[in-house]
There are 2 protein chains.
Amino acid sequence: MIIGNIGRGKKEINEDDKFNIILDKIAKKVNVSEGRRAVEDIIRIIFREQPISTKKIAQKTRLPLPIVAKVRAMLEREKILKRNKGAILTDLGEKLAKEYLKLRYRGSLICDKCKGRGIILDEFFKEILNKAEKYFKKRPSPNTLIDQSFATLETSVYRVALMCERGDLEGRRIMFVGDDDLTSIPAALTGFADEIAVVDIDERILRIIEEFSKEEDVKIKIVKHDLRKPLPNDLKDSFDTISTDPPYTLNGLRLFLSRGIEALGKEGVAYLSYSHKPIEEFLLVQKAINEMNFVISELIPNFNYYEGSEIIANTTFIARLIGKDLKPNIGDTEKIYTGLVKPVIRYYKCLKCGKIYKLLNERIEDLKCSCGSRKFRMVKREKL
Amino acid sequence: MIIGNIGRGKKEINEDDKFNIILDKIAKKVNVSEGRRAVEDIIRIIFREQPISTKKIAQKTRLPLPIVAKVRAMLEREKILKRNKGAILTDLGEKLAKEYLKLRYRGSLICDKCKGRGIILDEFFKEILNKAEKYFKKRPSPNTLIDQSFATLETSVYRVALMCERGDLEGRRIMFVGDDDLTSIPAALTGFADEIAVVDIDERILRIIEEFSKEEDVKIKIVKHDLRKPLPNDLKDSFDTISTDPPYTLNGLRLFLSRGIEALGKEGVAYLSYSHKPIEEFLLVQKAINEMNFVISELIPNFNYYEGSEIIANTTFIARLIGKDLKPNIGDTEKIYTGLVKPVIRYYKCLKCGKIYKLLNERIEDLKCSCGSRKFRMVKREKL
């Protein structure tokens, strides 16, 4: 619309067009499902909360950390932002935000009391959090090969509070379909459930829960089981509520929810913790949920936080699903873990001697450098 | 398990069995989709918050008011509860709650700051609430024949706050697909949106918005339009965000969302306010949403409250939908209003002379008794 100034003999394009080109270029380069919207989301969050860390941007935008890191680097190259104790907008960046994106609002409307969860912990649940802490400290390092990633203690207690508030805890028979988050521990500490069962493949996890159950003298049914196989018969059709935080693949979701359905029988409630996904993938997830005859009765983004697990930016949603005439729907039971569905080569640099290691199916936790160090930094990820 | 006492020469069945039979009987009689769970939900809410009004029970359980009223009456007949400034449990009811349903928790874990919405109003939005109030007071009586039912002023402001927080307000072009809730007014008062348009069939509503836009000197595009017909061409593919609170029928949802898609074009965000539905119906709703290529990125129950509209217990959810490669999917455009899909005869009693009136498609607001009174009480509803 506006004809640019004539500068140094060349016709310049106007500022809006320039910003438009930059954002389009970045959206295309990072190739994110949300496109331009993702790039704009990142700029908006920085505009509101600068200085802000890359991880916090990823949490707030619910975008994968590598995507945010890539966009941030490109915005830096375009002189839209700089780093000073976190990302902050340059004068040019402020101009883009205010004049081109027309951003006006600084700050946050997320409830500071419940952190957007809608649920709070009262004294009773705070006490449970304190009691549970010592068992959460005993957790080993997560086995990333089976997509383990440990929810924070607070997250697990909030989950139980949500179950309680919605009427899915008191007098209910609850099964944890996989429980590396140890959510069964605060659940058992309430003393509200009629029965609690935990099914997991990892003995290290089961041992902590067993120890807890002995020390606190509470009854938990602990079953070591590979969920790729059907549930043992005595666990079938015997529960009212299930809780699961499955591998974040479509097959992982279908498998874990289907085993949950075996536990519930024809009807019941499921608490599903799952990663915020790109639109196309998320759509498949929701269709799979509906196909089993589960309805999403609520979905709270950023409900769960995790220790470590940088890639998913340490936060996932929780959904409360209500099922009737439930039908299991199991896909390929072999391809349930992220590493098998989307193999990624990760390059790690030894922080002591600088040597580079290439990992595919190995866990960084098991790596020891030839110089003796165990401290590494990931320097690159590459899809196979 | 326990053999009952021998009383008055008869063998008694034990208390648990008795409670079981009562709950089953009630669930069967009210024929609610959620079955036993619905009856248990009602008892749990009374256990936690007694004394409590029928309307509040309906809000908390998200069950239709007539269902709750029916269950409450049956529980009263079974001497499980009595009324004393609201429903309270009898000794027998307390026994059922504590010993049979094993309820333990009294109180509520809903965040008292945000009322479970996860979003708060800061000073800026509180100011907007104050400014908007006078226009909300001008609303006429709702036309229930076209499923009008007015959201509270607070609800509309919270919706705008949610849009702002999620990045769907600032610099965005927003269309309200039907706006009897006047949400366009607080939206316009922020001054954050790039463009605001309202499409509605009701001139009374449009006139209030027009008056507002003149008095406050803000630009809103106001279009009188019957959404059963496609959007005018100049409104197509021109918006980033839509907001709608459609008729609570499957066809109503599909029609309003589809017109929203015409406004958005291939992608965009939709704020959908919609009634909590029985599982089977809710499942169809979610499948319809997914079929249009909208994904439910969050779903907050009890977000919206309404003035009047007793049947839906004055509360609905809001869902933020993100769409990509959007496809409209319009069903039967004639059967979009509740009264046409599920015709109901309502019987009203004149509070002055006692005369009974039978209403099908007529609105109670238009009724005047032969004795001159305009005050009535609904005494019965009957499905056709």
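Keep in mind that this is a model prediction, so the values were computed, not measured. Values below: all heavy atoms of this structure, side chains included; hydrogens, waters and symmetry mates excluded. Chain naming here is simple, since letters A, B, ... match the order of the sequence lines and numbering starts at 1 in each.
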State, with a plain yes or no, whether a side-chain heavy atom of Val39(A) is found less than 4.5 Å away from one of Ile22(A).
no
Between Ile322(B), Val295(B), Thr190(B), which has the largest tally of heavy atom pairs under 4.5 Å with chain A?
Val295(B)
Does any heavy atom of chain A fall under 4.5 Å from the side chain of Asp168(B), the backbone, both, or neither of them?
side chain
Hey, would you say the Phe303(B) and Tyr271(B) ring centroids sit under 6.0 Å apart?
no
Is Arg166(B) in contact with chain A via its backbone, its side chain, both, or neither, using a 4.5 Å heavy-atom distance?
both
Is it true that a side-chain atom of Glu165(B) and a backbone atom of Leu109(A) form a donor plus acceptor pair closer than 3.5 Å?
yes
Given heavy-atom pairs under 4.5 angstrom as the criterion, report whether the side chain, backbone, both or neither of Arg44(B) touches chain A.
side chain
Checking Asp194(A) against chain B: side chain, backbone, both or neither under 4.5 Å from a heavy atom?
side chain
Select, from His276(B), Glu280(B), Arg117(B), the one with the greatest count of heavy-atom pairs under 4.5 Å involving chain A.
Glu280(B)
Evaluate the side-chain proximity of Asn304(B) to Arg159(B): yes if any heavy-atom separation is below 4.5 Å, no if none is.
yes
Quick one: what part of Phe125(B) sits under 4.5 Å from any heavy atom of chain A, side chain, backbone, both or neither?
side chain
Suppose we call two aromatic rings close when their centres sit under 6.0 Å apart. Are Phe282(B) and Phe317(B) close by that rule?
yes
Proximity breakdown for Val269(B) and chain A, heavy-atom pairs closer than 4.5 Å
both
Using a cut-off of under 4.5 Å for heavy-atom pairs, which of Glu34(A), Arg62(A), Lys60(A) has the most such pairs with chain B?
Arg62(A)
Heavy-atom distances under 4.5 Å only: say whether Thr61(B) touches chain A with side chain, backbone, both or neither.
neither
Where does Asn293(A) contact chain B at under 4.5 Å (heavy atoms): side chain, backbone, both or neither?
both
Side-chain heavy atoms of Arg37(A) within contact of Lys324(B), under 4.5 Å:
no
